[in-house]
Amino acid sequence: MPLYYLVIIALIQGITEFLPVSSSGHLILLPSLTGAEDQGQVIDVAAHFGTLFAVIAFFWADVRSAVIGLPKALIGHGTTQGERLAQLLIIATIPVVIAGFALKMSGYNDALRNITVIGWTMIIFGIVLWYFDTKSPSIKNTPDWTRKDAAIMGLWQAIALIPGVSRSGATISGARALGYTRSDGAKLAMLMSIPTIIASATLLVLSLDAQSSATLWRDILIVVALSFGAALVALSLMMKLLKSVSFTPYVIYRIALGAVLLVIAYT
């Protein structure tokens with residue numbers, strides 16, 4: 001795959017992963033709109049893997065605390081902050097793992113990767129995000145996260161397996177519906193992405209073997225490195241902007257892009 005195309009993929013993933021505009025939807029659209037060969041899910045997941053390192057680096061204190069508390073969280077303990085966070089992240093990840101497995105086994109995984117689906121989901125879930133962001137109170141913070149809230153947000157995250165929904169957009173919508181502030185809802189959504197991306201990356205590694213070409217491995221490493229850098233910058237900017245800006249600009253973008261895609265799809 002040409003180097004310039006890998007750079008475009010990495011930048012799209014890095015910039016859009018943490019914005020509620022669907023990074024996967026943009027990656028799927030890229031070959032459709034440019035006429036280039038579909039980069040495939042291996043490169044898509046490699047781009048997501050780069051953003052994994054970015055979110056870990058940005059929220060390192062929380063991630064470190066959760067990793068330390070993970071062993072006890074696995075056996076039901078939740079006394080320390082780290083153990084509790086690890087336990088809640090596990091709960092939040094269960095729905096997407098189950099839904100992802102069911103989607104893959106059903107064969108609809110690839111069928112959903114088309115412009116028509118992305119166009120509709122961009123618009124519908126953009127409106128959903130706008131509704132909960134503007135109508136819901138801001139009364140909860142990260143320390144208020146409960147098992148029930150984690151499970152509910154996990155269900156929202158599972159819906160985002162449909163291209164165009166946006167994983168961060170769906171989980172942030174769920175967080176706002178539950179009353180979390182914009183910044184804390186976004187933080188929880190980002191932390192929830194870590195185990196989800198790890199699961200996807202595991203599938204990536206298992207899909208590759210010793211017979212995989214050196215070129216493919218080179219492409220994967222390039223995309224991982226570039227998406228990491230782009231994601232770290234985008235995440236830093238978004239978290240700063242959320243202190244003074246709502247999600248409405250992203251909603252407008254989603255609806256506009258969705259409308260354009262539907263025009264293309266139906267003409």
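The residues of the chain are indexed from 1 along the displayed sequence.
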Q) Who are the side-chain contact (heavy atoms from CB on, under 4.5 Å) partners of Ile68, not counting sequence neighbours? A) Arg64

(Q) So, using side-chain contact (heavy atoms from CB on, under 4.5 Å) as the criterion, who are the partners of Pro71 when residues are at least two apart? (A) none

Q | Spacing of CG belonging to Leu232 relative to CZ belonging to Phe18, to within rounding of 0.5 Å | A | 8.5 Å

Q.
Could you report the tightest heavy-atom contact between Leu226 and Ala10, atom names first, then the distance?
A. CB-CB, 3.3 Å

Q) Taking atom OG1 of Thr171 and atom CG of Leu155, what is their separation to the nearest 0.5 Å? A) 12.0 Å

Q) Apart from Ile75 itself, what residues make up its hydrophobic cluster when side-chain heavy atoms of I, L, V, M, F, W and Y under 4.5 Å apart count as a link, directly or indirectly? A) none

Q. Linking I/L/V/M/F/W/Y whenever their side-chain heavy atoms sit closer than 4.5 Å, directly or via other members, would Leu221 and Ile197 fall into one cluster?
A. no

Q | Cluster link Leu74 to Leu85, ILVMFWY, side chain under 4.5 Å | A | no

(Q) Strictly by ring-ring contact (aromatic ring centres under 6.0 Å, His included), give each pair with a member in residues 227-248 just once, sequence neighbours left out. (A) none

**Q.** Under 4.5 Å side-chain linkage, directly or through intermediates, the cluster mates of Phe101
**A.** Met105

Q: Can you see which heavy atom on Leu88 is nearest to which on Ala150, and at what distance?
A: O-CB, 3.6 Å

Q: Measure the spacing between CD1 of Ile252 and CG of Leu257 and express it to the nearest 0.5 Å.
A: 13.5 Å

Q) Would you say the side-chain atoms of Thr16 pair up with the backbone N or O of Leu19, donor to acceptor, closer than 3.5 Å? A) no

**Q.** Which residues share a side-chain contact (heavy atoms from CB on, under 4.5 Å) with Ala160, sequence neighbours left out
**A.** Val165, Arg167, Ala170

**Q.** Met192 with Leu70, same ILVMFWY side-chain cluster at under 4.5 Å
**A.** no

(Q) I want to check something: taking the side chain as every heavy atom from C-beta on, are Leu191 and Ile194 in contact at a cut-off of under 4.5 Å? (A) yes

Q) What are the two closest non-hydrogen atoms of Leu261 and Gly119, and how far apart are they? A) CB-CA, 4.0 Å

Q: For residues 85-103, pull every pair meeting side-chain hydrogen bond (donor to acceptor under 3.5 Å, both in side chains), keeping only residues two or more places apart or in separate chains.
A: Gln87-Arg147

Q. Can you tell me how far CD1 of Ile118 sits from OG of Ser166, rounded to the nearest 0.5 angstrom?
A. 12.0 Å

Q) Can the ring centres of Trp156 and Phe132 be said to be less than 6.0 Å apart? A) yes

(Q) Listing request: all side-chain hydrogen bond (donor to acceptor under 3.5 Å, both in side chains) pairs with a residue in residues 183-198, at least two apart in sequence or in separate chains. (A) Asp62-Lys187, Asn141-Asp184, Thr142-Asp184, Gln157-Thr196, Thr181-Asp184

Q: Please step through side chain to side chain contact (heavy atoms under 4.5 Å, CB included) for the pair Glu17 and Ser168, ending with a clear verdict.
A: CA-CA 7 Å; Glu17 168 64 20; Ser168 62; 6.0 Å; no

(Q) Under 3.5 Å, is there a donor on one side chain and an acceptor on the other for Tyr180 and Asp144? (A) no

Q.
Are Met239 and Val245 linked, directly or through intermediate hydrophobic residues, by side-chain heavy-atom contacts shorter than 4.5 Å (ILVMFWY only)?
A. no

Q.
If I compare all heavy atoms of Ala230 with all of Leu11, which pair ends up nearest, and what's the gap?
A. CB-CD2, 4.0 Å

Q. Quick check: does any side chain N or O of Thr121 sit under 3.5 Å from a backbone N or O of Pro163, one acting as donor and the other as acceptor?
A. yes

**Q.** Listed partners of Arg254 passing salt bridge (Lys or Arg N to Asp or Glu O under 4.0 Å), at least two apart
**A.** none

(Q) Between Ile12 and Tyr253, is there shared hydrophobic-cluster membership here, with clusters defined by ILVMFWY side-chain heavy atoms closer than 4.5 Å? (A) yes

Q.
Going by the rule salt bridge (Lys or Arg N to Asp or Glu O under 4.0 Å), which residues pair with Arg182 if we only count those two or more places apart in sequence or in a different chain?
A. Asp133

Q. If you link I, L, V, M, F, W and Y whenever their side-chain heavy atoms are under 4.5 Å apart, who else ends up in the same group as Val233?
A. Leu237

For residues 53-61, please give each side-chain donor-acceptor pair under 3.5 Å, one per line with the distance, not counting sequence neighbours.
none

Q | Point-to-point distance, once rounded to the nearest 0.5 Å, from CH2 of Trp130 to OG of Ser246 | A | 11.0 Å

Q: For residues Ala73 and Ala86, report the shortest heavy-atom separation together with the two atoms involved.
A: CB-CB, 3.8 Å

Q) Looking only at heavy atoms, what is the nearest atom pair of Leu129 and Ile172, with distance? A) CD1-CG2, 4.1 Å

